[in-house]
Asker: 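Sharing a structure with you now.
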Amino acid sequence: MIASALDVSVATVSNALSGKGRLSAELTKRIRDKADELGYTPSQAARALRTGRSRVLGLVLPDIANPLFPQIAQAIEYAASTAGYGILIADSRGSVAMQTDAINRLIERDVDGILIVPRLGTRIVDVGRPLAVIDSPSTPNSTVSADHWQGGQLVMEHLVSLGHRHIVLIGNNPSSNVQNDRIGGMRSRLPPGGRAQVLWIEQHEDICGKGAPLQLVERVNAGATAFAAVSDLHALRALTELQNAGIPVPARVSVTGFDDLAWSAMITPALTSVRMDVASIARLAIEALLQAIESDPPGTTGAVTAETSSVPMTLVVRQTTAPPFVPINNQNAPEGEPA
């Protein structure tokens with residue numbers, strides 16, 4: 001249609017629209033203007049037959065119900081679309097078997113490459129396609145991720161600077177590389193004489209039942225002045241339990257989270273959290289994946305390596321952190337005398 005309208009060959013039109021061949025700028029513009037005028041949309045199926053590429057990538061997430069993962073998906077879709085690629089999304093729902101099925105379904109749909117946020121504790125090596133793994137720097141074959149250890153250090157440095165020395169670290173599953181790195185980073189910045197206890201929610205619920213209170217009041221009574229959770233979701237659970245027990249935050253204890261989810265700034269009090277640079281992670285993962293996909297001859301069919309494998313995190317200080325509570329009798333005790 002375009003070729004007939006301009007009295008040029010189909011090959012000339014194809015070269016103009018794909019940016020290939022040696023055509024004058026004037027002819028290229030005429031062809032592209034006519035394509036816009038006619039509402040021309042290139043056939044992805046025909047292009048795939050010609051190039052051997054579908055220009056579609058697969059993305060496997062571990063739990064799309066978790067509000068963090070739609071943010072990651074949106075950033076990856078934007079980075080991919082900017083490079084001219086589409087995204088198919090699959091949800092493994094926390095299951096290793098469903099993760100494997102999701103990868104296989106994407107391969108059956110002939111995606112050029114796969115990005116995956118692995119189900120915790122699993123290691124993805126080779127799926128017969130270029131593969132970008134987004135997990136943690138401590139995970140073997142991880143392509144790129146946030147520096148979760150450094151993010152944990154930011155949390156502890158903040159709490160210590162406020163004067164906290166007895167801190168409860170709240171994780172969910174001890175098999176998670178991400179959660180272990182965040183907790184490890186926190187513990188690495190604990191000062192001499194400080195105390196950091198780890199509360200694993202899944203282990204607690206195995207004993208006390210699903211959704212059971214985390215018994216945070218008992219920990220406050222034992223001297224804890226701050227609770228540092230590995231995610232905003234767990235921080236919200238801690239904040240709710242403390243407030244329901246009549247323990248004000250941050251007047252009595254401080255609470256911190258991770259991931260800086262959209263609602264973290266909207267709750268009362270607004271949550272101090274650690275922000276992940278999702279846009280940079282998505283861009284680095286897509287760049288590494290496309291470099292492997294578009295190499296000539298084709299190269300890697302396993303995990304790819306990004307230019308930078310670890311992206312720093314940022315602490316966002318809000319209303320849930322403050323200096324430790326000091327009892328009034330301690331404030332009024334004469335200097336040098338016990339309260």
Asker: Check side chain to side chain donor-acceptor pair (under 3.5 Å) between Ser161 and all other residues, then give those that pass, not counting sequence neighbours.
Answerer: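 Side chain to side chain donor-acceptor pair (under 3.5 Å) list for Ser161, sorted by chain: empty.
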Asker: Show me the pairs that pass side chain to side chain donor-acceptor pair (under 3.5 Å) and involve residues 232-251, at least two apart or across chains.
Answerer: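 For residues 232-251: Glu205-Arg237, Asp232-Ser264, Asp232-Ser273.
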Asker: Can you tell me how far CG of Leu115 sits from CG of Leu59, rounded to the nearest 0.5 angstrom?
Answerer: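 Rounded to the nearest 0.5 Å, the CG-CG separation comes to 6.0 Å.
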Asker: Considering non-hydrogen atoms only, spot the tightest contact between Ala90 and Leu106 and give its length.
Answerer: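 Nearest heavy atoms, Ala90 then Leu106: CB-CD1, 4.4 Å.
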Asker: Which pair of heavy atoms, one from Asp91 and one from Arg93, lies closest together, and at what distance?
Answerer: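 The pair with the smallest heavy-atom distance is OD1-N, 2.9 Å.
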Asker: Quick one: list whatever passes salt bridge (charged side-chain N to carboxylate O under 4.0 Å, His left out) with Asp259, sequence neighbours left out.
Answerer: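 Partners of Asp259 under the salt bridge (charged side-chain N to carboxylate O under 4.0 Å, His left out) test: Arg182.
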Asker: Please check if any side-chain donor atom of Ser136 sits under 3.5 Å from a side-chain acceptor atom of Thr139, or the reverse.
Answerer: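 Side-chain D/A pair, Ser136 to Thr139: absent.
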Asker: With a 3.5 Å distance limit and no angle check, can you tell me whether Gln150 reaches the backbone of Met313 through a side-chain donor-acceptor pair?
Answerer: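 A pair under 3.5 Å: yes.
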Asker: What pairs with Asn172 under side chain to side chain donor-acceptor pair (under 3.5 Å), at least two apart in sequence or on another chain?
Answerer: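 Expected list: Glu202.
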Asker: Please list, one pair per line, the donor and acceptor atoms closer than 3.5 Å that link side chains of residues 304-312 to other protein atoms, with sequence neighbours excluded.
Answerer:
from   : atom 1 : to     : atom 2 : distance (Å)
Ser310 : OG     : Asp147 : OD2    : 3.4

Asker: Please say whether more than 12 non-hydrogen atoms of neighbouring residues, nucleotides or ligands are located less than 6.0 Å from CD in Gln319.
Answerer: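 Yes - once you tally the heavy atoms of other residues, nucleotides and ligands closer than 6.0 Å, there are more than 12.
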Asker: Charged N to carboxylate O below 4.0 Å: is that the case for Asp110 and Arg129?
Answerer: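 Answer for the salt bridge query: yes.
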Asker: Would you check if Glu287 and Gln291 make a side-chain contact, meaning some heavy-atom pair closer than 4.5 Å?
Answerer: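 In short, these two side chains do not touch, never coming nearer than 4.5 Å.
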Asker: Name all residues meeting the salt bridge (charged side-chain N to carboxylate O under 4.0 Å, His left out) criterion together with Arg30; count only those two or more places apart in sequence or in a different chain, and write none if there are none.
Answerer: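 Arg30 satisfies salt bridge (charged side-chain N to carboxylate O under 4.0 Å, His left out) with no other residue.
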Asker: My understanding is that only residues two or more places apart in sequence, or in another chain, count here; which of them pass salt bridge (charged side-chain N to carboxylate O under 4.0 Å, His left out) with Asp260?
Answerer: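 For Asp260, the residues satisfying salt bridge (charged side-chain N to carboxylate O under 4.0 Å, His left out) (neighbours in sequence not counted) are Arg275, Arg318.
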Asker: Could you tell me if the side chain of Leu199 sits less than 4.5 Å from the side chain of Phe227, heavy atoms only?
Answerer: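 Answer no - side chains too far apart.
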Asker: Roughly how far, to the nearest 0.5 Å, is CH2 of Trp200 from CD1 of Ile183?
Answerer: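 Ile183 CD1 to Trp200 CH2: 3.5 Å, rounded to 0.5 Å.
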Asker: With sequence neighbours excluded, tell me which residues meet side-chain contact (heavy atoms from CB on, under 4.5 Å) with Thr321.
Answerer: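 Once residues adjacent in sequence are excluded, the partners of Thr321 under the side-chain contact (heavy atoms from CB on, under 4.5 Å) criterion are His158, Leu159, Leu162, Ser254, Thr256, Thr272, Val317.
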Asker: Mind running side chain to side chain contact (heavy atoms under 4.5 Å, CB included) on Ile103 and Leu131 for me, showing each step along the way?
Answerer: CA-CA 10 Å; Ile103 292 171; Leu131 173 71; 6.0 Å; no
Asker: Are side-chain heavy atoms of Gln197 and Ile167 found at a separation under 4.5 Å?
Answerer: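 Side-chain contact under 4.5 Å: no.
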Asker: Under the rule for salt bridge (charged side-chain N to carboxylate O under 4.0 Å, His left out), what residues qualify as partners of Asp206, not counting sequence neighbours?
Answerer: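 Result, salt bridge (charged side-chain N to carboxylate O under 4.0 Å, His left out) vs Asp206: none returned.
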Asker: Before you tell me yes or no, could you show the steps for Leu289 and Tyr85 under side chain to side chain contact (heavy atoms under 4.5 Å, CB included), namely the whole-Å CA-CA distance, both residues' side-chain angles and the distance that decides it to 0.1 Å?
Answerer: CA-CA 11 Å; Leu289 197 59; Tyr85 282 74; over 6 Å; no
Asker: When the side chains of residues 208-225 are checked against the rest of the protein, which donor-acceptor pairs come out under 3.5 Å, sequence neighbours left out?
Answerer:
from   : atom 1 : to     : atom 2 : distance (Å)
Asn221 : ND2    : Val217 : O      : 3.4
Thr225 : OG1    : His164 : ND1    : 2.7

Asker: Could you check if a side-chain atom of Arg109 sits within less than 4.5 angstrom of a side-chain atom of Val56, using non-hydrogen atoms only?
Answerer: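 They are not in side-chain contact.
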Asker: State the CZ-OG distance between Arg119 and Ser92, to the nearest 0.5 angstrom.
Answerer: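 Going from CZ on Arg119 over to OG on Ser92, the span is 8.0 Å.
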Asker: Could I get the full list of side-chain contact (heavy atoms from CB on, under 4.5 Å) partners for Ser188, not counting sequence neighbours?
Answerer: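 For Ser188 the side-chain contact (heavy atoms from CB on, under 4.5 Å) partners, ignoring immediate neighbours, are Trp149, Gln153.
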Asker: Does some side-chain heavy atom of Ile89 sit less than 4.5 Å from a side-chain heavy atom of Ile87?
Answerer: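 Side-chain contact under 4.5 Å: yes.
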Asker: Rounded to the nearest 0.5 Å, how far apart are CD1 of Ile76 and CD1 of Ile72?
Answerer: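 One finds 6.5 Å between CD1 of Ile76 and CD1 of Ile72.
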Asker: Can you sort out the partners of Pro192 under side-chain contact (heavy atoms from CB on, under 4.5 Å), two or more places apart, ordered by chain and number?
Answerer: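 With sequence neighbours excluded, Pro192 shows a side-chain contact (heavy atoms from CB on, under 4.5 Å) to no residue whatsoever.
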Asker: Is the count of non-hydrogen atoms from other residues, nucleotides or ligands lying under 6.0 Å from Tyr78 atom OH greater than 12?
Answerer: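 No.
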Asker: Grouping I, L, V, M, F, W and Y whenever their side-chain heavy atoms are under 4.5 Å apart, do Ile170 and Met186 come out in a common cluster?
Answerer: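 Same cluster: Ile170 reaches Met186 through Ile, Leu, Val, Met, Phe, Trp or Tyr contacts under 4.5 Å.
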Asker: Are Leu261 and Leu68 packed together at the side-chain level, in the sense that at least one heavy-atom pair is separated by less than 4.5 angstrom?
Answerer: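 SC-SC contact between Leu261 and Leu68 confirmed.
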